[in-house]
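Per chain, numbering begins at 1; letters A, B, ... match sequence-line order. Since the structure is predicted, the reported quantities are computational estimates derived from the model, not experimental observations.
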Amino acid sequence: MPELPEVERFRQYFEGTALHQKVAQVEIADAKVVSCDPADLKAITEKHTFDKTERIGKYLFITTSAQKVLMIHFGMSGSLKYYRDDPPRFGRVIFHLDNGFHLAFDCPRKFGRIDVGDSVKDFQTKKKLSTDAYKMEWEEFDKNISGRTGMIKPLLLNQKITAGVGNWIADEILHQAQIHPEARANHLTKDDYQRIFQKMKDILHTAVSLEANYNEYPDNYFIHRRGWTELNLKECAQCDAEVTHMKVGGRATYICEGCQKK
DNA sequence: CTGTTTGTTTGCCG
DNA sequence: TCGGCAAACAAACA
């Protein structure tokens with residue numbers, strides 16, 4: 001699940017639960033998801049409080065009272081769960097809190113990662129992440145995409161270009177902007193890019209304000225043609241043609257062949 | 001058993 | 001050195 005809107009929801013969830021709480025102990029149930037030295041993870045959290053949250057793209061950052069930063073990336077299936085008595089099935093790292101509650105990093109497929117660092121800026125530099133797509137200005141988008149020759153969809157998925165855009169959002173943007181996912185970036189016009197940028201902002205805004213609850217997205221959203229939502233539609237909202245799917249850059253890609261010509 | 005998966009990293013190639 | 005590309009990673013679920 002976790003693309004930008006979900007990670008923003010997790011950030012808000014963290015703010016409403018574990019923020020300002022003190023960590024008694026960190027339990028590393030599966031070291032696979034911990035990128036750093038476990039001793040460093042303990043050092044910056046145990047006997048410390050969670051003081052501040054930030055998010056860039058799909059990365060969540062928590063500054064602790066040790067003045068260091070905890071980074072959480074959710075991979076394909078990660079989430080957070082705050083609980084007292086009912087632990088999630090796949091809690092890989094669990095922060096046991098002084099207040100008797102626990103915050104688990106629940107990650108069934110183990111693609112998620114937890115890491116520690118000196119600052120958010122350091123992480124952003126190290127990962128070469130762009131500005132968060134939700135906050136990005138046109139000028140940066142234009143700069144990041146210009147000169148590229150690859151297919152447009154994989155470029156939108158590139159976190160150095162538009163941090164936070166994931167697979168369904170890229171499909172949603174390209175469908176609403178009526179552009180084929182395999183279109184070469186250098187063959188698109190300024191007008192195409194302005195449409196892509198506008199749709200990106202619009203979709204992210206909608207998804208974040210609906211707290212990434214897919215079922216509540218507008219009926220004409222292409223996401224309802226992926227078989228993920230209760231609506232489970234098959235036809236394009238624009239032209240009524242049946243949507244098709246293919247692989248682009250190795251990723252499942254849904255398009256309307258009528259609306260998205262190469 | 002087979003195929004699929006909302007993400008990122010790595011290594012090869014030009 | 002850089003961009004493009006495909007494979008690898010891991011495990012649950014249908």
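When the side-chain nitrogen and oxygen atoms of A:Arg89 are compared with OP1 and OP2 of C:dC13, one or more of them lie within a distance under 4.0 Å. Side-chain nitrogen and oxygen atoms of A:Lys32 include at least one within less than 4.0 Å of the OP1 or OP2 phosphate oxygen of C:dA10. Remark: A:Lys58 is in phosphate contact with B:dT8, judged by side-chain N or O atoms under 4.0 Å from OP1 or OP2. OP1 and OP2 of C:dA11 both lie 4.0 Å or more from every side-chain N or O belonging to A:Ser77. Distances shorter than 4.0 Å separate none of the side-chain N or O atoms of A:Gln159 from OP1 or OP2 on B:dG7. Look at A:His73 and you'll find a side-chain N or O under 4.0 angstrom from OP1 or OP2 of B:dT8. Taking only side-chain nitrogens and oxygens, A:Lys153 never comes nearer than 4.0 Å to OP1 or OP2 of C:dG4.
Note on A:Arg11 versus A:Glu15: salt bridge recorded, some NZ/NE/NH1/NH2 to OD/OE distance being below 4.0 Å. By the 4.0 Å N-to-carboxylate-O rule, A:Asp106 lies too far from A:Arg92 to be salt-bridged with it.
Atom CE in A:Met151 sits about 9 Å away from atom C1' in C:dG4, given to the nearest Å. Between the CG atom of A:Asp30 and the P atom of C:dA11 there is a distance of 7 Å, given to the nearest Å. Rounded to an integer number of Å, the gap from A:Arg113 CZ to C:dA10 C1' is 9 Å. Atom P of nucleotide C:dT1 and atom NZ of A:Lys160 are separated by 16 Å, given to the nearest angstrom. Here C:dA11 presents its P atom at 13 Å from CE of A:Met76, a figure rounded to the nearest Å. We find that NE2 of A:His245 is positioned 12 Å from C1' of B:dG3, with the value rounded to whole Å. In this structure, the CZ atom of A:Arg92 is 12 Å from the P atom of C:dA10, given to the nearest Å. Rounded to a whole Å, the NZ atom of A:Lys126 is 11 Å from the P atom of B:dT10.
Here the straight-line distance linking atom CZ of A:Arg113 with atom CG of A:Asp115 works out to 10.0 Å at 0.5 Å rounding.
For A:Glu137, the CD atom counts as loosely surrounded, since its 6.0 Å shell holds 12 or fewer non-hydrogen atoms of other residues, nucleotides or ligands. Heavy-atom neighbours of A:Glu230 CD from other residues, nucleotides or ligands within 6.0 Å: at or below the threshold of 12. Within a 6.0 Å radius of NZ in A:Lys135, more than 12 heavy atoms belonging to other residues, nucleotides or ligands are found.
Among the heavy atoms of the strands lying under 4.0 Å from A:Phe90 are primed sugar atoms or P, OP1, OP2 only; no base atom is included. Note on A:Gly250: nothing from the nucleic acid sits closer than 4.0 angstrom, heavy atoms only.
Looking at the side chain of A:Thr149, the nearest of the listed nucleotides C:dG4, C:dC5, B:dT9 is C:dG4. Between B:dT9, C:dG3, B:dG7, one nucleotide has an atom nearer to the side chain of A:Lys127 than all others, and that is B:dT9. The A:Arg184 side chain lies nearest to C:dG4 when the options are C:dG4, B:dT9, C:dA12.
When the nearest nucleotides of DNA chain C are assigned to A:Pro108 and A:Arg148 by heavy-atom distance, the more 5′-ward of the two goes with A:Arg148.
With hydrogens and angles ignored, a donor-acceptor pair closer than 3.5 Å exists between the side chain of A:Arg109 and the base of B:dT5.
For the P atom pair drawn from B:dT8 and C:dC13, the interatomic distance equals 22 Å after rounding to whole Å.
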